[in-house]
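Right, one structure below, let's go through it.
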Amino acid sequence: MPRYNPADIEPRWQAYWEANQTFATPDLPTGKKRYVLDMFPYPSGDGLHVGHPEGYTATDIVSRFARLRGESVLHPMGFDAFGLPAEEHAIRTGEHPRIQTQSNIDNFTRQLKMLGFSYDWDRALATTDEKYFRWTQFIFLVLFETWFDTDQQKGRPISELPIPAEIQQQGDVAIRQYVDSKRLAYLDDALVNWCPKLGTVLANEEVVDGKSEVGGHPVKRIPLRQWMLRITDYAERLLEGLEDLDWPTGIKKLQSDWIGRSTGAEVDFYVGSEDQFQAWKSQRSVAEFPVQPGSDALRVYTTRPDTLFGATYMVVSPEHPMLESLTSDQQAAAVKEYCEKASFKSDRERTEGDREKTGVFTGSHAINPVNGKPIPIWVADYVLAGYGTGAIMAVPAHDERDFAFAVKYELPVIAVVDPPEDLPNRDEILAGKACFQAVGQAINSGPMNGFSTPEVKSKIAASLSQDGLGTEAVNYKLRDWLFSRQRFWGEPFPILHELDSEGNPTGAMRGVDPSELPVRLPELSDFKPHGRPEPPLAKADDDWLYVTLDGKRYRRETNTMPQWAGSCWYYLRYIDPDNEQALVDPEKEQAWMGVDLYVGGAEHAVLHLLYSRFWHKVLHDRGHVTTAEPFLKLVNQGMILGEVEYSGYQDQDGKFVSAKLVRKAADGGRETKDGRQVTAVAIADDLVEKKGENFVLKSDPAVRVESRAHKMSKSRGNVVNPDIVVNEYGADALRLYEMFMGPLEATKPWSMAGVGGVRNFLDRVWRMIVDDQQDELVLQSALTDQPCDEEQNRMLHGTIKKVTEDTDEMSFNTAIARMMEFTNFFTRQESRPIEAMKSFLILLSPYAPHLCEELWKILGQDGCIANQTWPSYDEAALVQASIEVPVQFNGKVKTKIQLPPDAVVDAMIEAALADDKVKSLLGDKTIVKKIAVPGRLVNLVVK
RNA sequence: GCCGAAGUGGCGGAAUUGGCAGACGCGCUGGAUUCAAAAUCCAGUUGGAGCAAUCCAGUGAGGGUUCGAGUCCCUCCUUCGGUACCA
């Protein structure tokens, strides 16, 4: 009768924790604090997926473990609730997105509570809450009111921006434009995907192959005035800040590659006639390198100024401002046509496919500043407008892209770096028939010949700088952040655009007064697109859209913020979720920040983490937070795949084809190596057997089948629903299984049988304490008040030690394995000391909290196990009188001897040599060397 | 192409960081219990040879360093993930 029944136990303890506020977090920590954070979910209509509880269980264990060790723990949860699916639903049904969003949040909350996570639910928030996005809007205003001081490397109030005298002289409009151009949040034209047929602007992921995902209508890229955030100003700080973070090195590298710092030089090439070159050069040499190159020079950025002598042509991007003036009349038509074609290509098209390089000669030449030689200027879309100066000097001998282009258009290739002599294709390189991108010795480089690449770099940089022709420069791949979306379901911008008496925008704008926040979303009768290339908020009534302030009329900004906005700072709001005076109280912020552990999926490795860090640094500069970095330690949980599946391939006649003969087809499907199409079919486990390295059909071992776990997806039908797992095995079993599968960071396949295995363990724990043979709830008669004997004590303290260390290191799978060993051991014991059982339950309680609470109560203990103290272990209890030590001959184990654990090297060797087995194995061989590692082994090198 | 991670029994995975390879769990085999089954308990389970004691091989492949390598170094193969002309 008294079987372990999670369906009864779990809801009861969840209700208990809630009623008793067991996990309520104090406003300020007492003693050591720990902030343990999950990446909050987007509450989709599908509900929780078994991937979610993986990270959540890990952080829950860490939180419960820390509480048991007396720390103050902040462990909150919330919802990243703005997003496209809810808006699409609203467009279809006319129902306000808030309604579906709320019901999804309710469902997520129910599922999360069902798993027994120890969140402080009073701190829960959703980014869609007005009292939350009020502060998201506030932070936007901070960005709007801040400029970046490059000298101080710091964001400062816009009121402190120095206005250059020449701007001052031009009057108020010029000053206003200057100020607006320096804000961290600024307006700029950016391309959007406009679909005239749908009458709406589409997100990049809604566009497939240049057509709308819905309906397959053509999509045009048109420029729209949009908000940008000047994250590039913070590139250097974002890069430097990575160093001290306890993050996986892979993630740090991804971020640092994304920021993409490179160092090199900017160099000006004269674009006038050859006979004017010397005059231009001498004019340049008397002044410093100018901020702007002027109309007679083309400025390039290069990381290899040492190859300047090998520049045989130049390329400007199709969007380059000087292109028109560089284009000759003869080439005008061709250039115009080329640029038009390039403008129609989306970013994808420009980068996808074989990337055959294309370009057109502009008709003009520039003069290489180091040797005075004229070289042709081309326009080509392999040069990007947004990077460096949007123009390059092409050195085909030492750059793969330039080389490919030069080969195609038969431009000269001059080697200026001599590769190491042992390089197999050195002769080809020197002859200009191959490309070499590494370093070597300069050749064909006039006065630089013979010097090494680094030497030439610094020499050329110095001489260019001296002559006012170039300067050292740093560039970043990171681009400014396009921060507006043409969507309804997002945070409105707290910005007003001034209108003139005709109702036209004057270009002036102001932020909404912070005391007037939030700017709520307008009420709309429906959410259908209005058909203009403008955001949906433009559909709002005039009441919402127009504002009169101080006698001036304004129109509200109608773009909304992207989903990133709400997730950029939610970790701060958990600290002080109800504060109406500030986004977070400074005292509380100082006490709880930074986040001591942040767990989430690697898909957010770059953008979310980078954006958050950027906002945090701005808030730090402007005095809203005290910490320089938000997330001190980061862990990425691995993906959970579906159950392992076997699949075979059948040709069109239904005959099986060995997987060995199948390859990926160009269209993404599968085909045989001779090009016949095949289809994958699922094969039942019992029709398959292992043969050598692979699995084959039992009925035809010549047919190899694939054995693989796939990503969970609706279309594949292999999604595991946590509701069903909890229903069948219990929440504790689900939690435990997710942790027992393998290391947290690893990608691993789901196995329902594995869940059964850990459930079996929980049953054993139950039966170790409760006698389930009886009709009534009775303790096992083996339980005793006696203390542990020596062996039991060693098992107990060994388990405390292992579980403490492994939990601390988040090596949950091995901690669980040890607790299984404990249970196996004590189940065999005729006498089970209650003290040992109690300590064990505390160890297990972060992992399987409901079961442990119940058993704690059954053992007659007062209160709740969550409020107990983590046991400590006694090192002395771990010592054994005698240990088994292997004796190796030449590194191979031959026998084992018993030794005291503290035996020293000499004693170990002596004991090994005295052993009968060793003597007989030794025979007449001679011992060359004797090695002993105390407590571990003896190794004899024999001949 | 480039970057990153990983390859260990039938399967998921352990291995105090250079020291007994396969902990723990699943699965499988045998046994106990049962009228029978479920459940439970006990034993076994890397492969090969042998009645056996035992011996040989073995951590993707090949080489190297070392008394000793799953672990370190070099070359290669495979899988997964990310990324895309950033001069």
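Naming: A, B, ... by sequence-line order, numbering from 1 per chain.
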Output the rounded distance in Å from [atom1] ([X]) to [atom2] ([N]).
X        : N     : atom1 : atom2 : value
A:Phe889 : B:C55 : CZ    : C1'   : 15 Å
A:Arg708 : B:U78 : CZ    : P     : 16 Å
A:Phe695 : B:G10 : CZ    : C1'   : 6 Å
A:Lys357 : B:A84 : NZ    : C1'   : 11 Å
A:Asp399 : B:C85 : CG    : C1'   : 9 Å
A:Asn636 : B:G82 : CG    : P     : 13 Å
A:Asp772 : B:A38 : CG    : C1'   : 14 Å
A:Glu809 : B:U17 : CD    : P     : 11 Å

Counting only N and O atoms by type, is there a donor-acceptor contact under 3.5 Å from the side chain of A:Gln888 to the main-chain atoms of A:Lys894?
no
Main-chain N/O of A:Arg704 paired with A:Asn694 side-chain donor or acceptor, under 3.5 Å:
no
Both A:Tyr646 and A:Lys892 contact RNA chain B. Taking the nearest nucleotide for each, which residue is further toward the 5' end?
A:Tyr646
Between A:Asp763 and A:Lys802, the residue closer to the 5' end of RNA chain B by nearest nucleotide is A:Lys802
Could you please name the option among B:G81, B:G13, B:C56 that lies closest to any side-chain atom of A:Lys711?
B:G81
For RNA chain B, please output the secondary structure as dot-bracket, reading 5' to 3'. Pairs are Watson-Crick or G-U wobble, both atom distances under 3.5 Å; mark crossing pairs with [ ], other-strand partners with |, unpaired with a dot.
(((((((..(((......[....)))((((((.......))))))((((....))))..(((((..]....))))))))))))....
Close side-chain approach of A:Glu745 and A:Pro743, heavy atoms under 4.5 Å
yes
Does a side-chain N-to-carboxylate-O contact under 4.0 Å join A:Glu821 and A:Lys802?
no
What distance, rounded to whole Å, do you find between the two [atom1] atoms, one in [N] and one in [M]?
N     : M     : atom1 : answer
B:A6  : B:U71 : P     : 13 Å
B:U34 : B:G25 : P     : 27 Å
B:G19 : B:C76 : C1'   : 29 Å

Sugar-phosphate or base contact per nucleotide [nucleotides 19-33 of chain B; S, B, -; heavy atom under 4.0 Å]:
BB--BBSS-------
Syn or anti for B:U54, taking syn as within 90° of 0?
anti
Is the base of B:G13 syn or anti, if syn means a glycosidic angle within 90° of 0?
anti
Suppose we screen for side-chain contact (heavy atoms from CB on, under 4.5 Å). Which residues come up paired with A:Gln255, at least two apart in sequence or across chains?
A:Leu242, A:Trp247, A:Leu609, A:Leu610, A:Arg613
Could you check whether the rings of A:Tyr409 and A:Trp378 sit parallel, tilted or perpendicular, using 30° and 60° as the cut-offs?
tilted
Geometric class of the A:Trp766/A:Tyr4 ring pair [parallel <30°, tilted 30-60°, perpendicular >60°]
tilted
For A:Lys252, look at atom NZ and say whether over 12 heavy atoms of other residues, nucleotides or ligands are found less than 6.0 Å away.
yes
Touch check for [X], heavy atoms < 4.0 angstrom, all strands: base, sugar-phosphate only, or nothing?
X        : answer
A:Arg828 : sugar-phosphate
A:Ser262 : sugar-phosphate
A:Lys477 : base

Side chains of A:Glu266 and A:Thr471: donor-acceptor distance under 3.5 Å anywhere?
no
Of A:Arg304, A:Gln437, A:Met393, the one forming a side-chain contact (heavy atoms from CB on, under 4.5 Å) with A:Asp399 is A:Gln437
Taking N and O atoms by type only, does the side chain of A:Lys253 place a donor or acceptor under 3.5 Å from a partner on the base of B:C3?
no
Are any of A:Tyr382's side-chain N or O atoms less than 4.0 Å away from OP1 or OP2 of B:A87?
no
